[in-house]
Structures are given as structure tokens and as C-alpha cells.
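Okay, structure first, notes after.
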Amino acid sequence: MSTPHFNLAEFCASDIAARRGIDNTLPAELEAAALQTLEMMERIRAYLSTIASRDVPILLSSGYRCPALNLAVGSSSTSDHPRASAADWTAPAFGTPAEICGALAPQVSVLGIGQLIHEFGRWVHTSWRVPMILANRVITINVAGISRGINEA
């Protein structure tokens with residue numbers, strides 16, 4: 001399963017899982033969710049490339065995380081990663097994570113982004129699942145906590 005620029009192997013790849021012997025194989029029942037996430041990432045890549053007037057590759061740092069891996073990385077029990085519906089990533093050819101989030105925030109509905117998070121100034125988190133509390137749709141998470149909207153780290 002793949003899209004033009006993303007594949008399941010990179011979506012499930014994890015150095016931490018490999019080092020700790022955690023099997024991070026995507027269960028068959030989550031394949032449709034994973035494909036929906038990769039398709040969202042294709043739309044994001046196309047949008048960023050269009051506004052930059054050049055190809056903007058996206059570097060996935062985390063996609064699917066089995067529950068054991070999600071726990072091992074210290075992520076929230078409510079994370080969308082174990083549902084195969086989220087990805088953490090950067091796009092250095094476009095700009096910083098804050099610049100990327102600033103460009104994406106006005107387009108979340110158009111691009112099918114359910115949640116957009118600027119995390120610690122280091123990466124972008126996108127999920128196609130809309131959070132139950134709509135005010136948490138576009139947020140920044142940093143050492144000071146969680147704030148609504150996109151802020152610098």
C-alpha cells in the first residue's frame with residue numbers, strides 16, 4: 001500500500017521500536033486508516049509545493065505506533081498514532097514547523113486535516129480525525145503547555 005510519495009514501510013518505521021524489539025506491524029484492520037492518512041499527507045505535500053512554487057518533500061518522523069510503541073515514546077493514551085490516523089513530520093524545503101503550520105492552519109478543512117499541532121518547534125503533527133473539542137483543532141504544544149492556534153516554540 002502506498003501513494004505517489006509515501007509508503008506503508010516508512011509510515012510504520014521506528015528506530016525506537018527496532019531498538020526495543022517492539023513489533024510495530026500495522027494490523028490489517030487499520031490499513032484503511034493508514035491509507036487515509038497517507039492520502040492526507042499527499043494533499044498537504046501538493047499544497048505546500050504549490051504555494052512554494054517548487055517541490056516540497058515531506059519527511060515522516062512518526063506515523064503508525066502500536067500501543068506498546070506509543071507508550072514507549074511517552075505519547076498520550078488518546079493519541080491518533082495507534083489508530084494509524086496521524087503523522088509527525090517536517091518539510092525543510094518549505095520552512096520551519098511554525099511556518100508550515102501557519103500556512104496550513106487556514107486550509108485545514110480544505111486539506112482534510114482534522115487536527116494540526118505545532119509540536120515543540122520541532123515538527124508538525126497532522127491527523128485526519130477531528131478532535132471532540134473543536135478548539136483543539138489547531139494548537140501549539142511546547143514546554144509551557146498547550147495553547148490554541150499556531151505560536152512560535
Side-chain angles (χ1 to χ4, degrees), residues 2-20 24 26 33-66 69-153:
S2 64
T3 62
H5 297 101
F6 304 100
N7 63 61
L8 193 56
E10 72 179 316
F11 185 65
C12 296
S14 168
D15 291 340
I16 293 172
R19 283 195 307 270
R20 296 189 184 185
N24 198 47
L26 181 73
L35 183 58
Q36 190 170 346
T37 303
L38 298 180
E39 289 170 345
M40 173 189 64
M41 297 307 299
E42 286 290 347
R43 291 189 300 274
I44 291 168
R45 180 185 167 131
Y47 177 73
L48 293 176
S49 295
T50 296
I51 62 175
S53 300
R54 64 180 178 284
D55 186 40
V56 175
I58 288 178
L59 309 173
L60 292 179
S61 56
S62 184
Y64 171 69
R65 294 185 206 135
C66 68
L69 177 58
N70 200 57
L71 182 64
V73 301
S75 186
S76 166
S77 62
T78 61
S79 171
D80 281 336
H81 288 276
R83 296 180 177 109
S85 59
D88 294 340
W89 53 276
T90 58
F94 185 86
T96 67
E99 291 168 333
I100 294 165
C101 288
L104 294 177
Q107 300 296 317
V108 291
S109 294
V110 173
L111 295 169
I113 299 170
Q115 187 174 45
L116 172 67
I117 305 175
H118 175 224
E119 291 198 58
F120 299 98
R122 298 191 321 240
W123 67 87
V124 177
H125 168 97
T126 48
S127 171
W128 50 264
R129 290 173 31 94
V130 177
M132 291 182 74
I133 301 170
L134 289 180
N136 291 336
R137 192 160 187 196
V138 177
I139 61 175
T140 297
I141 299 175
N142 56 32
V143 294
I146 300 171
S147 59
R148 293 193 171 91
I150 302 304
N151 306 302
E152 290 296 322

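Interatomic distance, OG1 of Thr126 versus CD1 of Ile44, reported as 4.0 Å (0.5 Å rounding). Atom CD1 of Ile139 is separated from atom CD1 of Ile133 by 10.0 Å, given to the nearest 0.5 angstrom. Interatomic distance, Leu38 CG to Leu60 CG, rounded to the nearest 0.5 Å: 7.5 Å. In this structure, CD1 on Ile117 lies 4.5 Å from CD1 on Ile141, to the nearest 0.5 angstrom. Expressed to the nearest 0.5 Å, how far CG of Leu111 lies from CZ of Arg45 amounts to 14.5 Å. The line from OG1 of Thr90 to CG of Leu59 is 4.5 Å long, rounded to the nearest 0.5 Å.
Taking each heavy atom of Ala91 and Val56 in turn, the nearest pair found is CB-CG1, 3.8 Å. The heavy-atom pair separating Ser76 from Asn70 by the smallest distance is O-ND2, 3.0 Å. Contact record, Asn24 with Cys12: ND2-O, 2.8 Å, taken as the closest heavy-atom pair. Residue Phe11 comes nearest to Ala86 through the heavy atom pair CE1-O, 3.5 Å, listed as atom of the first residue, atom of the second, then distance. When every heavy atom of Ala87 is checked against every heavy atom of Met41, the shortest pair comes out as CB-SD, 4.0 Å. Closest of all the heavy-atom pairs between Ala84 and Thr37 is O-OG1, 2.6 Å.
Under the side-chain hydrogen bond (donor to acceptor under 3.5 Å, both in side chains) criterion, Glu42 pairs with Thr3, His5, not counting sequence neighbours.
Not one N or O on the side chain of Asp88 forms a donor-acceptor pair closer than 3.5 Å with the backbone of Ser61. Side-chain atoms of Ser127 do not come within 3.5 Å of backbone N or O of Gln115 as any donor-acceptor pair. Using modelled atom types, no side-chain atom of His118 and backbone atom of Pro97 make a donor-acceptor pair closer than 3.5 Å. No side-chain donor-acceptor contact under 3.5 Å links Thr140 to the backbone of Ser147. Within the 3.5 Å criterion, the main-chain N or O of Ala93 finds a donor-acceptor partner in the side chain of Arg54.
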Point to revise | side-chain contact (heavy atoms from CB on, under 4.5 Å) between Ile51 and Phe94, intermediate numbers included | key: CA-CA 9 Å; Ile51 62 175; Phe94 185 86; 3.6 Å; yes
Check your understanding: Please walk me through it: do Leu8 and Tyr64 pass side-chain contact (heavy atoms from CB on, under 4.5 Å)?
Key -> CA-CA 9 Å; Leu8 193 56; Tyr64 171 69; over 6 Å; no
Check your understanding: Passes side-chain contact (heavy atoms from CB on, under 4.5 Å), His81 versus Val73? Steps please.
Key -> CA-CA 11 Å; His81 288 276; Val73 301; over 6 Å; no
Exercise for review: Take Leu104 and Gln107 through the test side-chain contact (heavy atoms from CB on, under 4.5 Å) and record every step on the way to the result.
Suggested key: CA-CA 5 Å; Leu104 294 177; Gln107 300 296 317; 5.6 Å; no
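In this structure, Ile100 and Trp89 have side chains that are in contact, with non-hydrogen atoms separated by less than 4.5 Å.
Atom CG of Asp55 has more than 12 neighbouring heavy atoms from other residues, nucleotides or ligands inside a 6.0 Å radius.
Listed by first and then second residue, the salt bridge (Lys or Arg N to Asp or Glu O under 4.0 Å) pairs that reach into residues 126-151 are Asp80-Arg129, sequence neighbours excluded.
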